[in-house]
Amino acid sequence: LFLLETNIIHTITEKYLFKKERADDYAEAIKLFSLIIVKNENHALTYLMRALTKEFMSDNTGALEDFSKAFSIHHQNIASNISNENIFLIIEKVEEIPKGVVFDADLSLIYSSLGISYSKIKDYNNALKCYNIALFINPNFILGYNQKAKAKFKLKDYNGAIQDLLKAIKINPKNINAYSNIGNIKLILKNYEGAIEYYSKAIELNPKNGVFYYNRGNAKKQLKDYNGATEDYLKVIDIEPKNDKAFNLIGQIKLNNNE
């Protein structure tokens with residue numbers, strides 16, 4: 001029965017969620033997922049997929065409810081000596097988790113997804129709790145570090161966000177977005193040299209992204225490296241010929257230098 005339901009879920013996902021991407025497709029997907037839940041209230045994957053569908057429809061409250069149900073079901077598959085309370089207190093009371101406990105592999109994804117839902121309703125503190133648990137379960141979960149960094153950024157914990165992004169880079173040295181996001185944070189902190197360093201690393205990995213050149217150009221401009229900034233803005237125009245912002249900034253530099 002479990003295998004049959006899983007196959008049906010995959011069929012629904014392919015037909016309604018990731019091809020047409022229309023509101024009526026999402027509504028039909030939710031209807032079908034709900035029918036499966038009526039037949040089997042303990043099928044965590046169905047709740048997870050319905051939650052994701054609700055997210056697509058911007059029903060963040062409904063998504064939270066389904067995510068909560070999904071991971072409450074998963075908790076039943078964790079070692080019996082782990083209580084729900086303990087799983088939520090993992091970060092504060094790690095010593096309460098018996099050694100050798102093996103967690104369900106999908107649990108980190110469910111907690112991370114729940115964290116994303118909390119972030120969407122701007123409850124970043126609860127989002128962080130979810131990401132922390134996801135990372136406790138799977139310390140190499142890159143998505144968890146990326147999302148945790150976003151939540152910390154929203155809470156203006158910029159240094160904490162950088163540390164999480166660095167952990168993501170340590171796991172995957174080719175994590176382009178992590179380099180770029182560190183550059184963005186350093187730009188906000190007015191650490192322009194640091195911003196240039198990380199934008200340059202992002203550019204090494206993806207030399208055809210105009211945003212990276214534009215942001216690096218802005219950092220160079222703040223350091224009054226006008227030639228370097230102009231070079232980056234020209235590179236933006238080469239990649240995006242209709243980028244008016246890059247044209248305007250080149251004009252400002254020339255005007256200020258009386259060219």
Side-chain angles (χ1 to χ4, degrees), residues 18 108-109 112-113 115-116 119-120 124 127-128 130-132 134-257 259:
F18 302 124
S108 58
L109 177 59
S112 181
S113 298
I116 292 171
S119 290
K120 286 188 175 182
Y124 301 114
L128 283 174
C130 293
Y131 299 140
N132 283 338
L135 290 166
F136 179 88
I137 295 168
N138 181 2
N140 293 316
F141 189 42
I142 293 178
L143 175 63
Y145 287 112
N146 288 338
Q147 294 299 333
K148 186 179 174 185
K150 288 182 181 180
K152 287 184 176 179
F153 178 84
K154 292 293 185 180
L155 292 170
K156 300 188 185 302
D157 178 8
Y158 298 128
N159 290 324
I162 288 174
Q163 292 306 310
D164 284 324
L165 291 168
L166 287 173
K167 289 175 182 177
I169 289 171
K170 186 176 181 180
I171 297 169
N172 177 14
K174 294 184 179 181
N175 191 327
I176 300 173
N177 289 333
Y179 288 113
S180 175
N181 286 332
I182 291 176
N184 294 340
I185 294 171
K186 288 186 177 289
L187 193 63
I188 290 173
L189 295 175
K190 298 184 179 180
N191 180 351
Y192 302 120
E193 292 90 349
I196 290 169
E197 175 188 356
Y198 280 91
Y199 287 137
S200 296
K201 289 180 179 178
I203 288 169
E204 286 177 16
L205 293 170
N206 183 3
K208 296 192 179 295
N209 188 310
V211 174
F212 299 159
Y213 289 100
Y214 182 85
N215 290 339
R216 189 175 71 173
N218 288 341
K220 290 179 178 179
K221 183 170 177 285
Q222 291 296 328
L223 291 173
K224 298 184 179 180
D225 176 10
Y226 298 122
N227 289 332
T230 298
E231 288 178 3
D232 278 343
Y233 295 143
L234 286 171
K235 189 65 178 179
V236 174
I237 294 169
D238 184 49
I239 297 170
E240 305 171 16
K242 295 183 179 181
N243 192 309
D244 293 336
K245 291 182 178 179
F247 278 110
N248 291 336
L249 287 169
I250 291 173
Q252 289 178 22
I253 290 173
K254 290 185 176 182
L255 183 64
N256 292 337
N257 291 324
E259 292 185 18

Provide the closest heavy-atom pair for [X] versus [Y] in the form atom of the first, atom of the second, distance.
X      : Y      : result
Leu187 : Ala195 : N-CB, 3.9 Å
Asn191 : Gly194 : OD1-N, 2.9 Å
Ser119 : Ala151 : OG-CB, 4.5 Å
Ala134 : Phe141 : CB-CD2, 4.3 Å
Lys148 : Leu135 : CD-CD1, 3.9 Å
Ala229 : Gly217 : CB-O, 3.4 Å

Check whether any side-chain heavy atom of [X] sits under 4.5 Å from a side-chain heavy atom of [Y], and report yes or no.
X      : Y      : value
Leu234 : Tyr213 : no
Lys152 : Asn159 : no
Ile185 : Leu165 : yes
Lys235 : Asp238 : yes
Asn181 : Asn184 : yes

request  = Start with the C-alpha gap between Asn209 and Ile176, add the side-chain angles, then the distance that decides, and say whether side-chain contact (heavy atoms from CB on, under 4.5 Å) holds.
outcome  = CA-CA 11 Å; Asn209 188 310; Ile176 300 173; over 6 Å; no

Give, for atom [atom1] of [X] and atom [atom2] of [Y], the distance between the pair rounded to the nearest 0.5 Å.
X      : Y      : atom1 : atom2 : result
Asn248 : Ile253 : CG    : CD1   : 11.5 Å
Ser180 : Phe212 : OG    : CZ    : 4.0 Å
Asp232 : Lys221 : CG    : NZ    : 13.0 Å
Asp164 : Gln147 : CG    : CD    : 11.0 Å
Glu240 : Lys208 : CD    : NZ    : 12.5 Å
Ile188 : Lys156 : CD1   : NZ    : 8.0 Å

message = Using only atom types and a distance under 3.5 Å, with no angle test, would you say the side chain of Tyr179 pairs donor to acceptor with the backbone of Ile203?
response =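 Side chain of Tyr179 to backbone of Ile203: no pair is present.
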
inquiry  = Tell me if a side-chain donor or acceptor on Tyr124 pairs with a main-chain N or O of Phe153 at a distance below 3.5 Å.
reply    =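 No; judged by distance alone, with no hydrogens or angles, the pair does not exist.
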
Chi angles and distances behind the side-chain contact (heavy atoms from CB on, under 4.5 Å) call for Asn218, Tyr192 = CA-CA 9 Å; Asn218 288 341; Tyr192 302 120; over 6 Å; no

key: Criterion side-chain contact (heavy atoms from CB on, under 4.5 Å) on Val211 and Val236, from CA distance to verdict   = CA-CA 7 Å; Val211 174; Val236 174; over 6 Å; no

ask   = So, Lys201 and Glu197, do they make that salt bridge, N to O below 4.0 Å?
value =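 Salt bridge present between Lys201 and Glu197.
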
inquiry  = Before you tell me yes or no, could you show the steps for Leu155 and Leu128 under side-chain contact (heavy atoms from CB on, under 4.5 Å), namely the whole-Å CA-CA distance, both residues' side-chain angles and the distance that decides it to 0.1 Å?
reply    = CA-CA 10 Å; Leu155 292 170; Leu128 283 174; 3.6 Å; yes

task = Could you name each residue pair satisfying ring-ring contact (aromatic ring centres under 6.0 Å, His included) that touches residues 220-252, not counting sequence neighbours?
result =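 Listed once each, the pairs are Tyr214-Tyr233.
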
